[in-house]
Amino acid sequence: PAGTEVTEDLLSRAVGMTLVESVPLMSGGPHSGFIHVNLYCDDKGQMKNLPVNPRAVSFADVCGKPSQIYGDCFIGRIYEDADDFYRLDFKLE
């Protein structure tokens with residue numbers, strides 16, 4: 001049907017888009033008070049020939065989530081249950 005063809009231009013645009021991949025470092029649920037910790041990185045980092053991020057790789061390994069992570073990333077902490085979602089700070093107490 002018209003408009004459903006994947007053209008070279010469309011494919012090139014899709015590959016050029018930067019989307020964020022979420023790597024769960026700590027899955028939330030009743031056991032954690034619905035607190036989640038995720039690492040966020042470029043989902044096409046390897047395809048873009050970004051360098052491996054050794055610090056992020058080590059962090060994921062320590063959390064039991066071995067993964068190859070390329071380029072810049074950040075770690076976020078959130079609260080999410082069936083009804084609510086909000087971002088949380090990391091506190092040093």
Side-chain angles (χ1 to χ4, degrees):
T4 59
E5 181 183 338
V6 178
T7 65
E8 197 64 37
D9 180 56
L10 180 61
L11 188 59
S12 176
R13 286 183 197 207
V15 169
M17 292 175 61
T18 299
L19 299 175
V20 175
E21 178 180 357
S22 173
V23 178
L25 300 177
M26 183 182 88
S27 298
H31 64 282
S32 67
F34 298 97
I35 304 292
H36 305 253
V37 177
N38 298 317
L39 184 143
Y40 301 94
C41 57
D42 187 335
D43 71 332
K44 294 183 187 75
Q46 184 176 15
M47 222 160 75
K48 293 177 179 178
N49 292 319
L50 297 177
V52 170
N53 184 325
R55 222 169 144 194
V57 169
S58 293
F59 202 91
D61 282 345
V62 166
C63 293
K65 307 289 182 170
S67 184
Q68 281 297 94
I69 300 164
Y70 298 86
D72 294 334
C73 64
F74 68 93
I75 296 172
R77 185 170 170 254
I78 62 170
Y79 174 90
E80 182 178 19
D81 66 8
D83 300 315
D84 295 310
F85 171 89
Y86 50 89
R87 297 183 198 311
L88 299 168
D89 292 330
F90 286 99
K91 295 182 180 182
L92 301 176
E93 295 178 347

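Heavy-atom basis, side chains included; hydrogens, waters and symmetry copies ignored.
- Side-chain atoms of Asp42 and Val20, non-hydrogen and from C-beta on, never get closer than 4.5 Å to each other.
- Tyr70 and Gly45 get closest at one heavy-atom pair: CB-C, 3.7 Å.
- Shortest non-hydrogen contact noted between Met26 and Ser32 is CE-CB, 4.1 Å.
- Aromatic ring pairs are classed by plane angle as parallel below 30°, tilted from 30° to 60° and perpendicular above 60°; the pair Tyr86 and Tyr79 is parallel.
- Although no hydrogens or angles enter the test, the distance criterion places a donor-acceptor pair under 3.5 Å between the side chain of Arg77 and the main chain of Asp89.
- Among all heavy-atom pairs drawn from Val57 and Ile69, the shortest one is CG2-N, 3.6 Å.
- For the pair Asn53 (side chain) and Asp72 (backbone), a donor-acceptor distance under 3.5 Å is absent.
- Put simply, NE2 on His36 and CG on Leu25 are 12.5 Å apart, with the number rounded to the nearest 0.5 Å.
- Atom CZ of residue Phe59 and atom OG of residue Ser67 lie 13.5 Å apart, to the nearest 0.5 angstrom.
- Counting all heavy atoms, side chain and backbone alike, Phe85 lies closest to Ile78 at CE1-CD1, 3.5 Å.
- In this structure, Gln46 places its CD atom where only 12 or fewer heavy-atom neighbours from other residues, nucleotides or ligands lie under 6.0 Å away.
- The distance from the CG atom of Asn49 to the NZ atom of Lys44 is 14.0 Å, given to the nearest 0.5 Å.
- At a threshold of 4.5 Å between non-hydrogen side-chain atoms, the residues Phe74 and Leu39 do not count as touching.
- Rounding to the nearest 0.5 Å places CG of Asp61 at 12.0 Å from NZ of Lys65.
- Looking at Asn38 and Tyr40, their side chains do bring a donor and an acceptor atom within 3.5 Å of each other.
- Put simply, the side chain of His31 gets close to the backbone of Ser27: a donor and an acceptor are under 3.5 Å apart.
- Considering every non-hydrogen atom in both Cys41 and Val23, the closest pair reads SG-CG2, 4.5 Å.
- Considering all non-hydrogen atoms of both residues, Val52 and Gln68 come closest at CG2-NE2, 3.6 Å.
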